**Student:** 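Pasting a structure here, questions to come.
A, B, ... follow the sequence lines: proteins, then strands. Residue 1 opens every chain. A quick note: this is a predicted structure, and the numbers were derived from the prediction, not measured.
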Number of protein chains: 2
Amino acid sequence: MRDLTRTEGIPLYVKIRESIRQKIAAEELVMGQKLPSEDELAAQYGVSRMTVRQGITDLIDEGLLYRRHGVGTFVAYPPVERDHSRLTNFFENSDAIGIKAKASLIMIEVEDAKLKAAKALNLTEGEPIIRIKTLRYADDIPVTVHDAHIPYKLFASILDMDQQKLETQHLWTFFESCGYRVKSAVQKLEAREADESLARLMEIEEGTPILYKERTVYADDGTPVEFTYCYNRGDRYSLTVTLHR
Amino acid sequence: MRDLTRTEGIPLYVKIRESIRQKIAAEELVMGQKLPSEDELAAQYGVSRMTVRQGITDLIDEGLLYRRHGVGTFVAYPPVERDHSRLTNFFENSDAIGIKAKASLIMIEVEDAKLKAAKALNLTEGEPIIRIKTLRYADDIPVTVHDAHIPYKLFASILDMDQQKLETQHLWTFFESCGYRVKSAVQKLEAREADESLARLMEIEEGTPILYKERTVYADDGTPVEFTYCYNRGDRYSLTVTLHR
DNA sequence: GAGTGGTCTAGACCACCCG
DNA sequence: GGGTGGTCTAGACCACTCG
C-alpha cells in the first residue's frame with residue numbers, strides 16, 4: 001500500500017493505473033486473476049473509490065482488465081495489442097518494428113480538388129488542394145505509393161518547406177504545427193492489381209496484387225485534414241487492425 | 001431543463017447523454033458550437049457535475065463531442081461514423097447496407113490444430129479444433145470464402161447443430177450461448193491472388209486480386225474463440241475501418 | 001446475505017485559456 | 001481575473017452474482 005509518493009503534477013489515478021499495469025507486467029497479478037475490490041484498492045492507495053475506478057477504467061479501455069458486475073475486476077488474458085487499433089504513421093510504425101523507413105518525393109503541386117477528394121475534405125469541387133505524392137521504402141525496397149490531398153486554405157505554408165524536410169518529416173507533424181491534432185482516420189481497403197505506372201514505380205510486374213487504401217484523416221475537432229490514396233505492394237505489406245464490438 | 005422524467009431503471013447519465021445526442025441530431029446544437037459548461041448542464045438537468053461528465057465522456061468516446069481544457073466542450077464536425085470501427089459480422093453488416101446475405105456450408109470437421117491456428121487460439125499444436133468452411137454470397141454473388149477454426153474443447157456442441165442453422169445463424173450467436181461474449185478481433189490484411197481452388201469456388205479467374213484476411217476473435221475476458229482465414233473477392237468486397245491515435 | 005461493481009451526490013481545489 | 005474543464009473526496013444506495 002501507499003506506493004504513491006507525492007510526485008509533482010501526476011494525477012493520482014494515473015499513478016494508480018500505472019501501479020496496476022506494472023503489477024501485471026511483473027506478474028504479481030496474473031491472467032485471469034481477480035483484483036482486490038475497488039473499496040479495498042481505495043483503502044490500500046489511500047484515495048477515494050472514484051479515483052481508483054478512473055484508473056481501472058483506463059486499463060479496461062486498453063483491454064488489460066475486464067469487469068464483471070457483482071463479481072469483480074480481473075486481469076484479461078492476452079493483453080490484446082492495442083497498437084493495432086491505434087492510428088500510426090508510416091515512420092512511427094516502421095520505427096516500432098525495426099524497419100528502415102524512407103520516402104522520396106514524386107511531386108507536390110496545387111490542384112483543383114476532384115469530386116472524391118473534395119467530398120472527403122469537406123470542400124467544394126474545384127477548390128484548391130495541395131497534392132503530395134511520395135514513394136515510400138522499407139529497408140530500401142519500394143513498398144508504397146502515397147498520394148495525399150490536403151486543403152490549400154489550411155496548409156498553404158507547406159509549399160515553403162524544402163524537399164528534404166518533406167521527405168523526412170511526417171505530414172502530421174506539420175498539421176500539428178498548424179494547430180490540428182490528428183485524432184482518427186477512416187480507411188477503405190481493397191485488393192487490386194498494379195497498373196503500368198505503379199508497376200514501374202515499385203519495380204514490380206503489372207498485375208501484381210496491390211493493397212489499395214483510401215484514407216480520410218480527421219483532427220480532433222472533426223476537421224478532415226488529409227485524403228490519401230495509398231497503393232501497397234501485396235507481397236511486402238500487410239496491415240493489422242483491431243476492431244471492437 | 002428537466003427533460004429527465006424519472007424513467008425506471010435508466011441511469012441519469014444515459015438520459016443526459018441521449019438528450020444531448022438528440023439535440024445534436026435535431027440541430028439545436030450545431031457543429032462547432034459550444035455546449036453549456038458542465039456546471040450549467042448539471043444545474044439544468046438537476047444532477048451533479050460528475051454525472052453530466054459521465055454522459056459527455058461517452059459522447060466524446062463516440063467522437064460526437066470534444067473537450068478543450070479551459071475553453072469548453074464542443075460539437076465535433078463530421079460525426080465520424082463509429083460503425084466503421086465497430087466489429088460486425090457478415091450478416092449484421094449486410095443487413096445494415098441492404099445486401100442479401102447468404103452462406104453455404106462447404107465443410108465442417110474436427111481436425112488437429114496446425115501451428116498457426118493453435119498459436120492464435122492459445123492451444124498446443126495438434127489439439128482438436130473444429131473447422132468450418134463456408135462460402136458467402138452477397139445478393140447471390142459469391143464474395144467470400146470463410147475458413148473458421150474454433151477450439152473443440154469449448155464448442156464441441158456445435159457439431160450437433162443442423163446444417164440449416166449453421167448456414168443462417170452466425171457463429172458468434174452460438175459463442176454467446178456458450179457464455180463467451182465476442183469483444184474484439186485482430187485482423188491482418190493483405191492483397192493476394194486467387195489460386196485455382198478459390199477461383200473455382202468464387203467463379204473468378206485464377207490470379208484475380210483477393211483481399212486476404214487473417215482474423216483472431218476474442219471474448220471479453222480475453223479468451224480467443226475463433227481464428228479465421230478469409231478470402232474476399234477484390235472486385236466485390238472492400239473493408240472500411242476507423243482508427244484512432 | 002455478503003461481496004462486488006454501477007450510479008450518484010455536493011461539494012472542493014487546481015490547471016488551463018482567454019481577454 | 002473569470003470561466004472552463006481536470007481531478008478528487010467521502011460518503012450513499014442500488015443491481016448483480018454467488019454460495
**Student:** Just by modelled atom types, is the R67(A) backbone N or O under 3.5 Å from a matching donor or acceptor in the H69(A) side chain?
**Tutor:**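 Checked: no pair found.
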**Student:** With salt bridge (Lys or Arg N to Asp or Glu O under 4.0 Å) as the test, would you mind laying out the steps for K133(B) and E109(B) before giving the verdict?
**Tutor:** CA-CA 9 Å; K133(B) 210 164 160 179; E109(B) 55 185 45; over 6 Å; no
**Student:** Tell me the interatomic distance from R67(A), atom CZ, to dT17(D), atom P, rounded to whole angstroms.
**Tutor:**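 That distance rounds to 15 Å.
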**Student:** Without decimals, in angstroms, what is the distance between E40(B) CD and dT4(D) C1'?
**Tutor:**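 Value for this atom pair: 11 Å.
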**Student:** Take atom OH of Y45(B) and atom C1' of dT9(C), then tell me their distance rounded to the nearest Å.
**Tutor:**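 Interatomic distance, OH of Y45(B) to C1' of dT9(C): 18 Å.
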**Student:** If you find the nucleotide of DNA chain D closest to T73(B) and the one closest to S48(A), which residue's nucleotide is nearer the 5' end?
**Tutor:**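 Checking each residue's closest nucleotide, the 5'-ward one belongs to T73(B).
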**Student:** With nearest nucleotides of DNA chain D determined for K34(B) and M50(B) from heavy-atom distances, which residue corresponds to the more 5′ nucleotide?
**Tutor:**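 Residue closer to the 5' terminus by nearest nucleotide: K34(B).
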**Student:** If you count the non-hydrogen atoms of other residues, nucleotides and ligands that lie under 6.0 Å from NZ in K114(B), is the total more than 12?
**Tutor:**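 No.
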**Student:** Calculate the interatomic distance between L41(B) atom CG and dT4(D) atom P; express it in whole Å.
**Tutor:**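 Going from CG in L41(B) over to P in dT4(D) covers 10 Å.
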**Student:** Is it the case that more than 12 heavy atoms not belonging to Y66(B) sit under 6.0 Å from its OH atom?
**Tutor:**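 Yes.
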**Student:** Can you tell me which nucleotide in dT4(D), dG5(C), dC8(D) comes closest to the side chain of T51(A)?
**Tutor:**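 Comparing dT4(D), dG5(C), dC8(D) against the side chain of T51(A), the answer is dC8(D).
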**Student:** Out of curiosity, I150(A) CD1 to F175(A) CZ, how far, rounded to the nearest 0.5 Å?
**Tutor:**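 Reported value, rounded in 0.5 Å steps: 5.0 Å.
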**Student:** Under a 3.5 Å distance rule, please check whether T57(A) uses its side chain to pair with a backbone N or O of R53(A) as donor and acceptor.
**Tutor:**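 Side chain of T57(A) to backbone of R53(A), a donor-acceptor pair under 3.5 Å: yes, one is there.
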**Student:** Indicate for each nucleotide in nucleotides 12-19 of chain C, in 5' to 3' sequence, whether protein heavy atoms under 4.0 Å reach the base (B), only the sugar-phosphate (S), or nothing (-).
**Tutor:** B--BBB--
**Student:** Write down the distance between CG (L12(B)) and P (dA15(D)), rounded to a whole number of angstrom.
**Tutor:**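 From L12(B) CG to dA15(D) P: 13 Å.
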**Student:** Quick check on DNA chain C: between E38(A) and P11(B), whose nearest nucleotide comes earlier from the 5' end?
**Tutor:**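 Going by which nucleotide is closer to the 5' end, it is E38(A).
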**Student:** Rounded to whole Å, how long is the line connecting atom OH of Y66(B) with atom C1' of dG5(D)?
**Tutor:**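 Taking OH of Y66(B) and C1' of dG5(D), I get 14 Å after rounding.
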**Student:** Roughly how many Å is it from CD in Q54(A) to P in dG6(C), rounded to a whole number?
**Tutor:**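 Answer to the nearest Å: 15 Å.
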**Student:** Kindly indicate whether the side chain of H149(B), heavy atoms from C-beta on, has any atom under 4.5 Å from the side chain of Y229(B).
**Tutor:**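 Sidechains of Y229(B) and H149(B): in contact.
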**Student:** Roughly, in whole Å, what's the span from CZ in R53(B) to C1' in dT9(C)?
**Tutor:**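 In whole Å, dT9(C) C1' and R53(B) CZ are 15 Å from each other.
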